[in-house]
There are 2 protein chains.
Amino acid sequence: MYPALFAHINKFIDLSTNEQEILVSLLKSSTYKKKAFLHEAGATCRANYFVVKGCLRLYFIDIKGVEQTTQFAIENWWISDLTSFLFQQASDFYIQAAEATEVIIIEHRHYDEIFEKIPRLEKYFRLIFQKLHQASQIRIKYLYSQTAEERYTNFSTSFPAFVQRIPQYMLASYLGFTPEFLSKIRARK
Amino acid sequence: MYPALFAHINKFIDLSTNEQEILVSLLKSSTYKKKAFLHEAGATCRANYFVVKGCLRLYFIDIKGVEQTTQFAIENWWISDLTSFLFQQASDFYIQAAEATEVIIIEHRHYDEIFEKIPRLEKYFRLIFQKLHQASQIRIKYLYSQTAEERYTNFSTSFPAFVQRIPQYMLASYLGFTPEFLSKIRARK
DNA sequence: ACGATTTCTTAAACTAGATTAAGTTTTTTG
DNA sequence: CAAAAAACTTAATCTAGTTTAAGAAATCGT
């Protein structure tokens, strides 16, 4: 399981065998069944999660009681409720396995420690957060410039395999509209 | 001008005098009049900008010819079209001074170099991008859960001073609605 | 394999916010 | 400081997407 993370890290930086050993000692790994929760609203988000295999989603329940999916993480992506994780405060979000999922976990109590003991990881996470921020800029641009139908068509064309992996209601929410409207869009084709 | 950046950097990491000198040699500073462009759509985004004083905005022009403001940067924030900046490809965005603005500039040709010569900066930018990603998660949550009026009320309460600094049409766009609708919201009070 | 649960579809009624257009106020600039 | 430009307001009309509700199809658990 850890080899998947090291393969990813090694795309960006070089870690010595010793550094890899230190890192493993500060990580945990776990597997979750489909629909299992890694974190629930009301609790403090204890960890940052790396997806080895599978898919996680970050969502909250809005004032009307409807689930709003705001982020997915597939293989080789990190996910967390950062506000809750960084400041160790109560979260409004759930993190749930959208498929059976293998993850590697950095708990908050070790988060500063990995950077103290392995300063090279600063670059790795600088690049991770840089990519996440870049992805956010693109996503906001789509949300602000495209209709619901355009976002769906565009996303389906860009990520056809991913669209097959998740229920339509999660995708509709992520793209900013209702499942009923997604059915209507699909019926138009 | 550089002291403002060093004060900010020093909140997160310690730089030696020597490292500060190296960094200065790789940066530029500049001032822009209100409405001046730091970067225009069609061009490749050449730099990452740190706001010392003033306010920048990132926006694009949508298919209907309407400006869509997707991001602001005030004092002590960095801004760029990351996709264009990182991959040195043509940009769809403009970066414009919303007020007379003093900036510090890292050009792309020096971006890798600052990390090679001053590895400690990896931590600084890891923290910068971490904060930007955290801010994005909060913003998406508001966009997905609040009405236009709620977003305006909430933003005005959280950042009353900032709201006074920018034209309403920029704020309306940033919050995801039209200037006409913002007028209507304001008239309701 | 089959009942239970989850997911998807359809369609009619509805609404938050957009559009259009004209007029007013504020700010900028020579 | 006056004219021009930029920003804001108002109101009527319109529409993309929501809501509600009920049924159909797919998937899951045992």
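Chain naming here is simple, since letters A, B, ... match the order of the sequence lines and numbering starts at 1 in each. Bear in mind the structure is a predicted one, so any value in this text is a computation, not a measurement.
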Asker: Would you please confirm or rule out a distance under 4.0 Å between OP1 or OP2 of D:dA7 and any side-chain N or O of B:Lys35?
Answerer: yes
Asker: Go through residues 160-172 of chain B and report each residue with a non-hydrogen atom lying under 4.0 Å from DNA chain D, sorted by number.
Answerer: B:Pro167, B:Gln168, B:Tyr169
Asker: Just report the end-to-end axis angle for the helix from C:dA1-D:dT30 to C:dG30-D:dC1, five pairs per end, to 10 degrees.
Answerer: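 The value is 70°.
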Asker: At under 4.0 Å between heavy atoms, which parts of nucleotides 11-30 of chain C does protein reach? Answer with one letter per nucleotide, 5' to 3': B base, S sugar-phosphate only, - none.
Answerer: ------BBBBB------S--
Asker: Linking I/L/V/M/F/W/Y whenever any side-chain heavy atoms sit under 4.5 Å apart, do A:Leu82 and A:Leu127 land together?
Answerer: yes
Asker: Hydrophobic cluster membership, with links at side-chain heavy-atom distances under 4.5 Å among I/L/V/M/F/W/Y: are A:Tyr32 and A:Leu5 in one?
Answerer: no
Asker: Dump the intermediate steps for ring pair (Phe, Tyr, Trp, His ring centres under 6.0 Å) on A:Phe155 and A:Tyr142, then the final yes or no.
Answerer: CA-CA 10 Å; A:Phe155 192 89; A:Tyr142 285 140; 9.3 Å; no
Asker: Please determine if a side-chain N or O atom of A:Arg186 lies less than 4.0 Å away from the OP1 or OP2 oxygen of C:dT9.
Answerer: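 Yes.
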Asker: Between D:dA7 atom C1' and B:Arg57 atom CZ, what is the distance in whole Å?
Answerer: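 Checked: the CZ to C1' distance equals 13 Å.
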Asker: Does either side chain, that of A:His110 or that of A:Glu107, offer a donor lying less than 3.5 Å from an acceptor on the other one?
Answerer: no
Asker: Answer yes or no: is there a donor N or O on one side and an acceptor on the other, between the side chain of B:Ser173 and the main chain of B:Thr69, under 3.5 Å?
Answerer: yes
Asker: Indicate yes or no for a side-chain donor-acceptor contact from B:Ser84 to the backbone of B:Cys45 under 3.5 Å, with no hydrogens or angles considered.
Answerer: yes
Asker: Using a distance-only test with no angle check, is there a side-chain donor-acceptor pair under 3.5 angstrom linking B:Glu102 and B:Thr31?
Answerer: no
Asker: How about A:Phe72 and A:Trp77: are their ring centroids closer than 6.0 Å?
Answerer: no
Asker: Rounded to whole Å, how long is the line connecting atom CD of B:Glu67 with atom C1' of D:dA6?
Answerer: 12 Å
Asker: Are B:Gln130 and A:Arg126 close enough that a side-chain donor and a side-chain acceptor fall under 3.5 Å?
Answerer: no
Asker: Taking atom CZ of A:Phe115 and atom OH of A:Tyr124, what is their separation to the nearest 0.5 Å?
Answerer: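 Separation between the atoms: 10.0 Å.
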